[in-house]
Participant: 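Before I ask anything, let me first share the structure, which is written out below as structure tokens.
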Amino acid sequence: MDGKSTLPWEALRQTGGDIPWPALCELAAAVVVDPLVVDRLIDLYEQGVDSDYGLEHYEEFYVPAIFAIAAPQLSGERRREIGRFLLEKLADAGYEDEDLLMEVLATACGSMGAEILPLVLETIANEPDDRGAWFHLWGLTELAVKTDDAQIREQVIRACTELLQQADRGEIDLMSAINAAWTLASMKHTGSAGLL
């Protein structure tokens with residue numbers, strides 16, 4: 001089953017009126033049971049982003065929403081796979097200064113849960129500077145509050161602490177480290193109290 005004939009694909013091309021929530025929920029249910037639906041959604045996202053400038057296309061907003069709706073029912077492995085895609089697109093949206101799209105993608109990334117934190121840290125490491133998606137990526141580190149995985153928590157603490165140390169040395173702007181500070185505070189990491 002790939003749902004090509006039975007799923008409401010045309011709703012993703014809708015550009016006027018209300019958000020087609022019933023269609024998005026139906027597609028999200030299909031994501032849970034059919035990997036081919038994920039592939040088709042990714043293709044539609046890419047087509048929407050690559051479409052002619054000036055024409056309205058909402059696929060790039062609807063697809064992350066569908067993944068976010070499906071997330072609670074997906075396996076950790078599946079959330080990581082989808083999370084990798086969403087993080088790549090978040091970085092791309094940052095390069096293009098697409099503020100609204102970054103908000104949507106960051107929210108969808110967050111719905112994938114703490115399993116994607118290693119991917120978040122990897123994406124941060126590949127960011128060339130503190131512009132673009134930087135703020136949203138560091139905001140995702142707060143997912144560490146919701147995990148009992150000691151290794152992931154330690155990775156996040158280390159990354160956030162290193163960023164705060166850079167800010168303390170004046171290597172980056174203090175505001176660029178605000179989400180890292182918020183993450184450490186939310187994790188109640190007392191070892192960072194001096195930096196905070």
Side-chain angles (χ1 to χ4, degrees), residues 7-32 37-72 74 78-143 146 163 173 175-180 182-183:
L7 291 173
W9 296 107
E10 282 306 310
L12 299 185
R13 301 194 187 282
Q14 179 177 322
T15 59
D18 295 333
I19 295 171
W21 288 114
L24 301 187
C25 290
E26 186 176 343
L27 287 161
V31 162
V32 175
V37 172
V38 174
D39 295 339
R40 180 126 190 248
L41 286 168
I42 288 172
D43 287 344
L44 287 171
Y45 179 96
E46 300 289 6
Q47 290 170 20
V49 169
D50 293 339
S51 61
D52 293 336
Y53 182 76
L55 296 178
E56 284 189 296
H57 292 275
Y58 294 155
E59 294 94 334
E60 62 263 38
F61 300 106
Y62 291 157
V63 169
I66 291 165
F67 288 149
I69 294 166
L74 297 173
R78 201 68 171 141
R79 287 198 303 273
R80 283 188 294 276
E81 291 170 8
I82 292 171
R84 181 176 295 282
F85 165 77
L86 293 170
L87 285 164
E88 287 172 4
K89 298 310 163 191
L90 176 56
D92 290 347
Y95 301 139
E96 299 296 326
D97 288 327
E98 294 278 353
D99 292 332
L100 180 58
L101 185 54
M102 281 191 285
E103 292 281 346
V104 169
L105 288 163
T107 301
C109 287
S111 72
M112 295 299 134
E115 286 90 353
I116 70 162
L117 277 168
L119 299 171
V120 170
L121 295 176
E122 180 183 311
T123 307
I124 288 171
N126 292 327
E127 280 296 292
D129 54 40
D130 60 356
R131 292 173 183 77
W134 177 272
F135 178 81
H136 297 289
L137 290 166
W138 280 102
L140 289 169
T141 61
E142 197 174 346
L143 290 169
K146 299 176 183 177
L163 188 67
D173 182 72
M175 290 305 292
S176 296
I178 194 161
N179 280 339
W182 184 254
T183 292

Participant: Could you check whether Glu96 pairs with Lys89 (Lys NZ or Arg NE/NH1/NH2 to Asp/Glu carboxylate O, under 4.0 Å)?
Facilitator: no

Participant: Taking everything shown except Ile178 itself, do over 12 heavy atoms lie less than 6.0 Å from its CD1?
Facilitator: no

Participant: Any salt bridge between Arg84 and Glu122, counting N to O under 4.0 Å?
Facilitator: yes

Participant: Under the salt bridge (charged side-chain N to carboxylate O under 4.0 Å, His left out) rule, what pairs show up with a residue in residues 61-72, not counting sequence neighbours?
Facilitator: none

Participant: How far apart are the closest heavy atoms of Leu143 and Leu117, and which atoms are they?
Facilitator: C-CD1, 3.8 Å

Participant: Rounded to the nearest 0.5 Å, what separation is found between the OG1 atom of Thr107 and the NE2 atom of His136?
Facilitator: 8.5 Å

Participant: Mind checking whether Val37 and Val32 have side chains closer than 4.5 Å, heavy atoms only?
Facilitator: no

Participant: Starting at CG of Asn179, measure out to CG of Leu163 and round the result to the nearest 0.5 Å.
Facilitator: 9.5 Å

Participant: Does Glu127 offer a backbone N or O that forms a donor-acceptor pair with the side chain of Trp134 under 3.5 Å?
Facilitator: no

Participant: About how many Å separate CD1 of Ile69 and CG of Leu74, when rounded to the nearest 0.5 Å?
Facilitator: 11.5 Å

Participant: I'd like a table of donor-acceptor pairs (distance under 3.5 Å, sequence neighbours excluded) in which one partner is a side-chain atom from residues 16-27, with atom names and distances.
Facilitator:
none

Participant: How close do Leu101 and Glu60 get, heavy atom to heavy atom, and via which atoms?
Facilitator: CD1-O, 3.4 Å

Participant: Can you find a heavy atom in the side chain of Glu98 that is under 4.5 Å from one in the side chain of Leu105?
Facilitator: no

Participant: Going by the rule side chain to side chain donor-acceptor pair (under 3.5 Å), which residues pair with Thr123 if we only count those two or more places apart in sequence or in a different chain?
Facilitator: none

Participant: Taking side chain to side chain donor-acceptor pair (under 3.5 Å) as the definition, give me every residue that meets it alongside Glu115, ordered by chain and number, with sequence neighbours left out.
Facilitator: Arg79

Participant: For the atom pair CG (Leu86) and CG (Leu119), what is the distance rounded to the nearest 0.5 Å?
Facilitator: 10.5 Å

Participant: side-chain contact (heavy atoms from CB on, under 4.5 Å) for Tyr62 and Val104? Distances and angles first, verdict last.
Facilitator: CA-CA 9 Å; Tyr62 291 157; Val104 169; over 6 Å; no

Participant: Of all heavy-atom pairs between Leu87 and Val120, which one has the smallest distance, and what is that distance?
Facilitator: CD1-N, 3.8 Å

Participant: If you round to the nearest 0.5 Å, how far is CZ of Phe67 from CD of Glu81?
Facilitator: 10.5 Å

Participant: What's the shortest heavy-atom distance between Met112 and Ile116, and which atoms?
Facilitator: CB-CG2, 3.6 Å

Participant: If you take all heavy atoms of Cys109 and Leu90, which pair is closest and at what distance?
Facilitator: SG-CD2, 4.5 Å

Participant: Once side chain to side chain donor-acceptor pair (under 3.5 Å) is applied, do any residues pair with Glu103, and if so which ones, sequence neighbours excluded?
Facilitator: none

Participant: State the CD1-CZ distance between Ile66 and Phe61, to the nearest 0.5 angstrom.
Facilitator: 13.5 Å

Participant: Tell me the closest heavy-atom pair linking Pro72 and Ala68, and the distance in Å.
Facilitator: CD-O, 3.7 Å

Participant: Would you please name every residue forming a ring pair (Phe, Tyr, Trp, His ring centres under 6.0 Å) with Phe85, sequence neighbours left out?
Facilitator: Tyr45

